[in-house]
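Report on one structure; see the data block that follows.
We're numbering straight along the sequence, starting at 1.
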Amino acid sequence: MFDTLYSQVGAAIWVTVVTFALLKGEEPERIGGVVYALGALASLLVQDETRLYGAQWGLMGLDVILLAAYAGVAWKSRRSWPVWASACQSLIVMIHVMTVFDGRPPLLAFYVVMNLATYGILLALALGVLQSWRDRRAEGLEQAEQR
């Protein structure tokens with residue numbers, strides 16, 4: 001996976017965002033970061049790079065599990081970023097469904113949708129962490145002014 005510059009930059013981005021979520025986020029952001037990291041690492045084990053056509057059932061199952069996890073975070077949290085992450089993950093699941101019904105979609109379209117949606121999830125997570133961090137800092141300043 002890390003044989004191209006694009007994949008190395010992508011890995012650096014997701015490691016940075018997940019680390020930021022674990023260090024500065026609250027519980028929903030930490031859960032989202034762990035879900036993303038586990039999903040990214042599990043997808044390396046599950047994907048079949050030799051298969052050019054048809055559905056990759058293991059990867060599809062993993063993406064459905066990730067969608068359920070993001071939907072669960074959205075259900076239990078009052079934040080908006082999990083809804084956006086779930087929407088991006090649903091795009092990934094739908095591109096898998098497309099390969100089930102049409103066994104030979106353009107491979108480039110498959111990877112473009114998956115990569116863009118993945119960056120959408122990372123952007124939603126990063127913005128959620130920033131907002132959570134900002135809200136905590138504002139509460140701390142507010143409490144300091146009241147004293």
Let me confirm one number: the [atom1]-[atom2] distance from [X] to [Y], rounded to the nearest 0.5 Å.
{"X": "L116", "Y": "L123", "atom1": "CG", "atom2": "CG", "value": "11.5 Å"}
{"X": "L122", "Y": "T118", "atom1": "CG", "atom2": "OG1", "value": "7.0 Å"}
{"X": "W57", "Y": "L62", "atom1": "CH2", "atom2": "CG", "value": "15.0 Å"}

Minimum heavy-atom distance between [X] and [Y], given as atom pair plus value:
{"X": "A37", "Y": "V18", "value": "CB-CG1, 4.1 Å"}
{"X": "A124", "Y": "A85", "value": "CB-N, 4.1 Å"}
{"X": "A117", "Y": "L91", "value": "CB-CB, 4.3 Å"}
{"X": "A71", "Y": "S86", "value": "N-OG, 3.3 Å"}
{"X": "A109", "Y": "I95", "value": "O-CD1, 4.4 Å"}

* From CA spacing to verdict: side chain to side chain contact (heavy atoms under 4.5 Å, CB included), V113, M98 -> CA-CA 12 Å; V113 169; M98 187 179 92; over 6 Å; no

Taking [X] for its side chain and [Y] for its backbone only, find out whether a donor-acceptor pair lies under 3.5 Å.
{"X": "Q89", "Y": "D63", "answer": "yes"}
{"X": "S132", "Y": "V129", "answer": "no"}
{"X": "Q131", "Y": "G128", "answer": "no"}

* Cluster overlap L23 with L130, hydrophobic side-chain contacts below 4.5 Å ->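 Per the 4.5 Å side-chain linkage, L23 and L130 are not co-clustered.
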
* Asked: Between R79 and E29, is the closest basic N to carboxylate O distance under 4.0 Å?
  ->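 Yes, this pair counts.
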
* Asked: Looking at residues at least two apart in the chain, or sitting in another chain, which of them share a ring pair (Phe, Tyr, Trp, His ring centres under 6.0 Å) with Y70?
  ->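 Checked Y70 against ring pair (Phe, Tyr, Trp, His ring centres under 6.0 Å); zero matches.
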
